[in-house]
Amino acid sequence: MMKPKFLLYAFIISALASGANASEPRGNTQFDSFNKSKKWMYKIYSHNPRTFYCDAEFKNRKIISDHGFSTDIYQKRALRTEAEHVVPAENFGRSFKEWRDGHPSCIDQKGRAFKGRKCAEKSNRLYRLMQSDMYNLVPAIGAVNAARKNYNFTMLPKTQNSIRSFGTCAMLISSKDRKAQPPLNARGAIARTYLYMQYAYPRYNMSRQQKQLMAAWDRAYPVTDWECKRSLAIERVQGNTNPIVKSRCNVN
């Protein structure tokens, strides 16, 4: 079995070798409808109907077995699943001028200008493609999706008192630090999603600290059989390859 460091080195060399084609799209070019991508996501997860972070079972988007999950906020949303962006939409959305400053087409019914996610979604197709990329979409318990907001992932200090937890689900969220610590079972897939988004969309860049954390999680938490099957299913529907996951699956 090849060592992870060698795999990373080989991937970098491959990326450099294909530099002449760097302008060609690497990400989603098929779906620019978030709702359509969500429907496909649920079709794919019908073969493994469990939520991404908390491993709760669901059927028809409703939680049917939460395995001890609990929350004192967003309780109605704890009964259903929602499509979660692993890399928060705001993280790449703010790279779009329409998100930051608005657009002439972004005028509401009362004649008022608006900006943010709704404006980017309305006026920029690349944003819609990024937002709808199924490699970045997973089913999550609605309360977790709501509580995580647009927070990035990290390792939270054990001594912190202001951390929100969810019963037996080991998802931890600090509103004070605006960070989230995911369960062990999700860390590898999270890392490979962040690495994919940076590979597929040059306008999205992780911080140096984030890159280091994701590289460490990628090494520490290997791909699972389901992660490989999911990636292959998305490739067949969406049309583009996720080389980050595919290279790990081929080795395993």
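These values consider heavy atoms only, across backbone and side chains, with no hydrogens, waters or symmetry-generated copies. All values derive from a computational prediction rather than experimental measurement. We number each residue from 1, following the sequence as shown.
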J.: Side-chain contact test, heavy atoms from C-beta onward, threshold under 4.5 Å: evaluate it for S65 versus F58 and give yes or no.
T.: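 Not touching, per the 4.5 Å side-chain cut-off.
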J.: Could you grab the distance from atom OG of S37 to atom CG of L137, nearest 0.5 Å is fine?
T.: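 Answer rounded to 0.5 Å: 6.0 Å.
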J.: Judged by atom type as modelled, is there a donor-acceptor pair below 3.5 Å linking the side chain of R187 to the main-chain atoms of Y221?
T.: no
J.: Is the centre of the F34 ring less than 6.0 Å from the centre of the H85 ring?
T.: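 Close enough - the centres of the two rings lie under 6.0 Å apart.
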J.: Where do A189 and T193 come nearest, in terms of heavy atoms and distance?
T.: O-OG1, 2.7 Å
J.: Determine the minimum heavy-atom distance between N145 and A83, stating which atoms define it.
T.: ND2-O, 4.0 Å
J.: Go through it in stages, so that I can follow the logic: the residues are K39 and K36, the test is side chain to side chain contact (heavy atoms under 4.5 Å, CB included), and I'd like the CA-CA distance, side-chain angles, deciding distance and then a yes or no.
T.: CA-CA 5 Å; K39 289 178 182 178; K36 188 171 184 178; 5.7 Å; no
J.: So that I can tick it off, tell me whether E227 and K229 are bridged by a salt bridge, with the cut-off set at under 4.0 angstrom between side-chain N and carboxylate O.
T.: no
J.: Nearest 0.5 Å, what's the CZ-CD1 distance between R77 and I141?
T.: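 Separation between the atoms: 12.5 Å.
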J.: Describe, in one word, how the ring planes of F96 and Y127 are oriented to each other, choosing from parallel (under 30°), tilted (30 to 60°) and perpendicular (over 60°).
T.: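 Answer is perpendicular, since the angle exceeds 60°.
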J.: Applying the 4.5 Å side-chain criterion to the ILVMFWY set and letting contacts propagate, would I190 and M155 be lumped into a single cluster?
T.: yes
J.: Measure across L195 and M206 and return the closest heavy-atom pair with its distance rounded to 0.1 Å.
T.: CD2-CE, 3.9 Å
J.: Is F52 reachable from Y74 through a run of hydrophobic residues whose side-chain heavy atoms are each under 4.5 Å from the next?
T.: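 Hydrophobic grouping puts Y74 apart from F52.
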J.: Would you say CG of N60 has more than 12 non-hydrogen atoms from neighbouring residues, nucleotides or ligands within 6.0 angstrom?
T.: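 No, not enclosed.
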J.: Could you give me the CA-CA distance, side-chain angles and deciding distance for D133 and Q238, then say whether side chain to side chain contact (heavy atoms under 4.5 Å, CB included) is met?
T.: CA-CA 8 Å; D133 194 317; Q238 190 168 278; 3.0 Å; yes
J.: Decide yes or no for I63 and L79: does some side-chain heavy atom of the first lie under 4.5 Å from some side-chain heavy atom of the second?
T.: no
J.: Looking at residues at least two apart in the chain, or sitting in another chain, which of them share a salt bridge (charged side-chain N to carboxylate O under 4.0 Å, His left out) with R94?
T.: E90
J.: Between R148 and Y151, is there a donor-acceptor pair closer than 3.5 Å when you use the side chain of the first and the backbone of the second?
T.: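 Yes: the side chain of R148 pairs with the backbone of Y151.
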J.: Closest approach of D218 and A191, non-hydrogen atoms and distance?
T.: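 Closest approach of D218 to A191: N-CB, 3.7 Å.
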J.: Hey, does C54 have a side-chain heavy atom less than 4.5 Å from the side chain of P183?
T.: no
J.: Any salt bridge between E98 and K115, counting N to O under 4.0 Å?
T.: no
J.: Main chain of L129, side chain of N28: is a donor-acceptor contact present, judged purely on distance under 3.5 Å?
T.: yes
J.: Could you tell me if the side chain of R26 sits less than 4.5 Å from the side chain of Y199, heavy atoms only?
T.: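 Yes. Closest side-chain heavy atoms under 4.5 Å.
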J.: Just by distance, do the side chain of T81 and the backbone of P139 share a donor-acceptor pair under 3.5 Å?
T.: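 Absent.
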J.: So Y196 and Y201, would you call those rings parallel, tilted or perpendicular, with 30° and 60° as cut-offs?
T.: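 The rings of Y196 and Y201 stand perpendicular, inter-plane angle above 60°.
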J.: Just by modelled atom types, is the Y194 backbone N or O under 3.5 Å from a matching donor or acceptor in the Q198 side chain?
T.: no
J.: Which distance, rounded to the nearest 0.5 Å, do you find between the CD of Q131 and the CZ of R125?
T.: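 Between atom CD of Q131 and atom CZ of R125 there are 13.0 Å.
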J.: Which residue in the set N152, N205, N150 passes side chain to side chain donor-acceptor pair (under 3.5 Å) when paired with N91?
T.: N152
J.: ring-ring contact (aromatic ring centres under 6.0 Å, His included) between Y45 and W226: does it pass, once the steps are laid out?
T.: CA-CA 10 Å; Y45 270 87; W226 168 245; 5.3 Å; yes
J.: For a 4.5 angstrom cut-off between non-hydrogen side-chain atoms, does V245 reach Y135?
T.: no
J.: Could you tell me whether a side-chain N or O of S132 sits under 3.5 Å from a main-chain N or O of R128, the two making a donor and an acceptor?
T.: yes
J.: Is a side-chain donor or acceptor of T51 paired with a backbone partner of A140 at a separation under 3.5 angstrom?
T.: no
J.: Are R164 and D72 side-chain neighbours, meaning at least one heavy-atom pair lies under 4.5 Å?
T.: yes
J.: Under the criterion salt bridge (charged side-chain N to carboxylate O under 4.0 Å, His left out), I'd like the reasoning laid out for E57 against K59: C-alpha separation, chi angles, the key distance, then a yes or no.
T.: CA-CA 7 Å; E57 298 172 53; K59 184 177 182 179; over 6 Å; no
J.: Looking at R230 and N136, what are the two nearest heavy atoms and their distance?
T.: NH2-N, 4.3 Å
J.: Before giving the answer on side chain to side chain contact (heavy atoms under 4.5 Å, CB included), spell out for I173 and F166 the whole-Å C-alpha distance, their side-chain angles and the decisive distance to 0.1 Å.
T.: CA-CA 9 Å; I173 297 175; F166 299 93; 3.8 Å; yes
J.: Determine whether a donor-acceptor pair (N or O, by modelled atom type, separation under 3.5 Å) exists between the side chain of R192 and the backbone of I244.
T.: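 Checked: no pair found.
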J.: For K246, enumerate each residue passing the salt bridge (charged side-chain N to carboxylate O under 4.0 Å, His left out) test, keeping only those at least two apart in sequence or located in another chain.
T.: E235
J.: Got a second to check how far D108's CG is from C119's SG, nearest 0.5 Å?
T.: 11.5 Å
J.: Report the distance from atom CE of M134 to atom NZ of K43, rounding to the nearest 0.5 Å.
T.: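 It is 10.0 Å, given to the nearest 0.5 Å.
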J.: Could you tell me whether the side chain of N185 reaches within less than 4.5 Å of the side chain of Y53, counting heavy atoms only?
T.: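 In short, these two side chains do not touch, never coming nearer than 4.5 Å.
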J.: Starting from Y204, can I reach L126 by hopping between I/L/V/M/F/W/Y residues whose side chains sit under 4.5 Å apart?
T.: yes
J.: Are any non-hydrogen side-chain atoms of K179 and F153 less than 4.5 angstrom apart?
T.: no
J.: Hey, is the main chain of I73 close enough, under 3.5 Å, to the side chain of T71 for a donor-acceptor pair?
T.: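 Here the side-chain-to-backbone pair exists.
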J.: Start with the C-alpha distance between M197 and F92, add both sets of side-chain angles, then the distance that settles side chain to side chain contact (heavy atoms under 4.5 Å, CB included), and finish with yes or no.
T.: CA-CA 9 Å; M197 289 296 284; F92 53 81; 3.9 Å; yes
J.: Between the side chain of S174 and the main-chain N/O of D177, is any donor-acceptor distance below 3.5 Å?
T.: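 At least one qualifying donor-acceptor pair exists.
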J.: Decide if atom NZ of K122 counts as having more than 12 heavy atoms of other residues, nucleotides or ligands within a radius under 6.0 Å.
T.: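 Atom NZ in K122 is packed in, count exceeds 12.
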J.: Could you measure the distance from the CD1 atom of I44 to the CD1 atom of I234? Nearest 0.5 Å is fine.
T.: 5.0 Å
J.: So which heavy atom on F114 is nearest to which on I107, and how close?
T.: CE2-N, 3.4 Å
